[in-house]
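Sequence lines set the chain letters: A, B, ... in the order given, protein chains first and strands last, and positions in each chain run from 1. The structure displayed is predicted, hence computed values, not measured ones.
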Amino acid sequence: MAQISLTFPDGNAREFDTGITPADVAAAISKSLSKKAISASVDGRHWDLQWPVEQDAAIAIHTMDDEAPALELIRHDLAHIMARAVQEIWPEVKVTIGPVIANGWYYDFDREEPFTPEDLGRIEEQMKEIIALRDDVRTEVWDRPRAVSHYEALDEPYKVELIEAIPGDQPLRMYWHGDWQDLCRGPHLQHTGQVPANAFKLMNVAGAYWRGDSTRPMLQRIYGVGFRTKKELDAHLHMLEEAARRDHRRLGREMDLFHMQEEAPGQVFWHPDGWTIYTTLQDYMRRQQRAHGYVEVNTPQVVDRKLWEASGHWDKYQEHMFIVEVDEEHAREKAVNALKPMNCPCHVQVYNQGLKSYRDLPLRMAEFGSCNRYEPSGALHGIMRVRGFTQDDAHIFCTKDQIEAECAGFIRMLETVYRDLGFEDFEIMFATRPDKRVGSEESWDQVETALEQAIRATGRSFTLDPGEGAFYGPKLDFKLTDAIGRVWQLGTFQVDPNLPERLGASYVGEDGAKHRPYMLHRAILGSFERFIGILIENYTGRFPLWLAPRQVVVATIVSDADDYAAEVVSALRKAGLRAEADTRNEKINYKVREHSMAKVPAILALGAREVEERSVSLRRLGDKQQTALPLDEAVAMLRAEALPPDLR
RNA sequence: GCUGCUGUAGCUCAGAGGUAGAGCACUCCCUUGGUAAGGGAGAGGUCGAGAGUUCAAUUCUCUCCAGCAGCACCA
């Protein structure tokens, strides 16, 4: 029999018969490895222990100690075990697909009746029984006709469709968990007993379209999470609780920052404290924009459809626009307006006033632009996804040659802002030319190169997102990671030669002729609403002093300190701090508890001693202790600390 | 928009075919207390909206609205 050479991670190579399986390889190495083996990597590909190896390759045998392959196998087997459990309980249910996802898996089923939360418990029990059976996992390769007729006989139409969608005459792999069988590319564990029975949990049921297509039937998707040990599962569940505790909708209500109500779905009623955060953030952004050479404008909310027709939004974006029809009795014709969903067309109108020279470029035009978009009801989510919002929007009008420098300048500005606002990590996604596009290849080459050079100039790396650019130009998306590892897409930078063309923007060049400027759409926060939602969750409501809506509460211990408290508050306010007195007839314990829960960063307690000494007793949020210090010193210290990062 | 679930006091939630309850918050009184809940009393609800069934609906049915989870969407 022919031999192949397998190279192990330590660099040693050994000869084996062609077609040997990793299970046999493990057995040849040692009995203990053979027992512990769960899968292998063959030339970097995750490989089932039962699959034969036909060529020379680099091989590594995995055990449960190898986290990534172990979790993938556990979750993948759990998906199959869950599907088997469901069909054992309800044989009429049709199975579809069940992939591994972050932290777990899901499986989509077609069943007339909805699954209930009680059903999930029942399925879990059934899964545990299957695991206890320690059924062997077997695999075979089938040819296509056999697989199709097999699933037709079982009346599993979704599987038939899946097979038909698999390209070419590729052989199909079948897996059995005991007698239950599924089409699956593998790999899998060796028997169901290898899945930890106490380290998984079914989380919820939700609808999901077959093949992700909203025109296809809606299936029922069951989500589960699975780990190697109960400890890992518990840690994950704890993390979810932590995320729920940070939920901006809950904190927004508890901290009295904003509310939303039925009469204005997807729109925010900002309360005084929430609006303080908003305006503080806006003031900060305004300073940043000025420092980076932007001019600020403001443009109308309600604009005639003619402009939207010219910009192309009427065609492409109408379903997302709030249309306002004005049926004036004496109007010659009915006026149809739309609330602006974006600021760009209006900014071109500002640009178009007066003749522009190449000397005017680059022109960086910013607006805290209030936009309204009719988002689908199911997309709304707290203040993170709303129908009325304000962007930190700007458009840079420039020449093609200026794109690179503008892009680099923008990335540097964005770095500063994210750092100041508490986010150190962000990633750049570079979306390049899509299949359906306008413009010459040469032009795409130039613009994409300019963006790439700009990123390199800032010393950053990027992830390529091929084909995901807009039809008229490439874009950069900036994704940042928050305190609990969630990723948010906020900033964007997009090159657009199209809108200046449509709306007739031009400038007079050095040659005295008219030219089209490029337009760079860019935002850093995205929208104030979403960004503040993220800030709330990132800080769990415990804002740094400069952003905290209520910075200092002056709490009296005895009513004899009331006058002094008024004096302290006034000194703090004079120093620019947001301070208020709490002279209620309550004990200091009560006041400290209440203001701590309201996440006020600093509490100044005043009793007879402080009145006497003209001092304060400062307690910081989260600290168990307090420090006594003279009033003047406390005010100076808090004032310095409350300066926004760009003014320090 | 789609599937499922939910909607009762400011908040968190209980409840039942015969027009409602708890805790916290709120108001008032007592208490002047030294760093995360002092004590007492009181007020507060068209049970999301509309229609239907019924002697009787907040409870059952239907429609609508909003929210939640996921999907789809996200210039």
For A:Y590 and B:A25, is the shortest distance between a side-chain N/O and OP1 or OP2 below 4.0 Å?
yes
A:R619 side chain N/O closer than 4.0 Å to the phosphate oxygens (OP1, OP2) of B:A36?
yes
When rounded to whole Å, the CE to P distance for the pair A:M519 and B:A75 reads 16 Å
Examine A:R111 relative to A:W90 and say whether NZ or CZ is less than 6.0 Å from the centre of the six-membered ring and inside a 45° cone about the ring axis.
yes
Candidate nucleotides B:A72, B:C71, B:U35, ranked by approach to the side chain of A:P376 - the nearest
B:A72
Base, sugar-phosphate, or nothing for A:M597, non-hydrogen atoms under 4.0 angstrom?
base
B:G1 OP1/OP2 closer than 4.0 Å to side-chain N/O of A:S377:
yes
So does A:H381 get a side-chain nitrogen or oxygen closer than 4.0 Å to the phosphate oxygens (OP1/OP2) of B:C74?
no
Answer for the Watson-Crick or wobble partner of B:G7, both distances under 3.5 Å, is B:C65
Which nucleotide sits closest to the side chain of A:M218: B:C73, B:G34, B:U3?
B:U3
Distance, P atom - from B:C28 to B:G52, rounded to whole angstrom:
46 Å
Assign A:A555 to base, sugar-phosphate, or nothing according to its heavy-atom contacts below 4.0 angstrom with the strands shown.
nothing
For A:T556, the option from A:E586, A:K591, A:R584 that meets side-chain hydrogen bond (donor to acceptor under 3.5 Å, both in side chains):
A:K591
Taking the six-membered ring for Trp, is the centroid-to-centroid distance between A:F478 and A:F410 below 6.0 Å?
yes
Measuring to OP1 and OP2 of B:C68, would you say a side-chain N or O of A:R249 lies under 4.0 angstrom away?
yes
A:R253 side-chain N/O to B:U12 phosphate OP1/OP2 under 4.0 Å:
yes
Choosing from B:G67, B:G34, B:A36, which nucleotide comes nearest the side chain of A:N589?
B:A36
To the closest 0.5 Å, what do you measure between CG (A:L251) and CG (A:D256)?
12.5 Å
How far, in whole Å, is B:C65 from B:A51 if one measures between their C1' atoms?
15 Å
Residue closer to the 5' end of RNA chain B, A:Q489 versus A:V592 (nearest nucleotide):
A:V592
Touch class at under 4.0 angstrom, heavy-atom based, for A:V558 against every strand present:
base
Please classify the nucleic acid contact of A:A470 as base, sugar-phosphate, or nothing, using heavy-atom distances under 4.0 Å.
nothing
Minimum-distance nucleotide (side-chain atoms of A:A206 versus B:U35, B:A69, B:C74)
B:A69
Closest nucleotide among B:A75, B:A36, B:G34 to the A:S596 side chain:
B:A36
For a quick check of understanding: with a heavy-atom distance under 4.0 Å over all strands, which category does A:E610 fall into, base, sugar-phosphate or nothing?
base
Distance check: side-chain N/O of A:Y223 vs OP1/OP2 of B:C71, anything under 4.0 Å?
yes
Would you call the rings of A:H248 and A:F258 parallel, tilted or perpendicular, where under 30° means parallel and over 60° means perpendicular?
tilted
A:E262 has a side chain; which of B:G38, B:A75, B:G7 sits nearest to it?
B:G7
Closest-nucleotide ordering on RNA chain B, the 5'-leading residue of A:K475 and A:K587
A:K587
A:R584 has an atom CZ; how far is it from atom C1' of B:C26, in whole Å?
11 Å
Given B:G70, B:A75, B:G38, the nucleotide with the shortest approach to the side chain of A:E586:
B:G38
Select base, sugar-phosphate, or nothing to describe what A:K591 touches, counting heavy atoms under 4.0 Å on all strands.
nothing
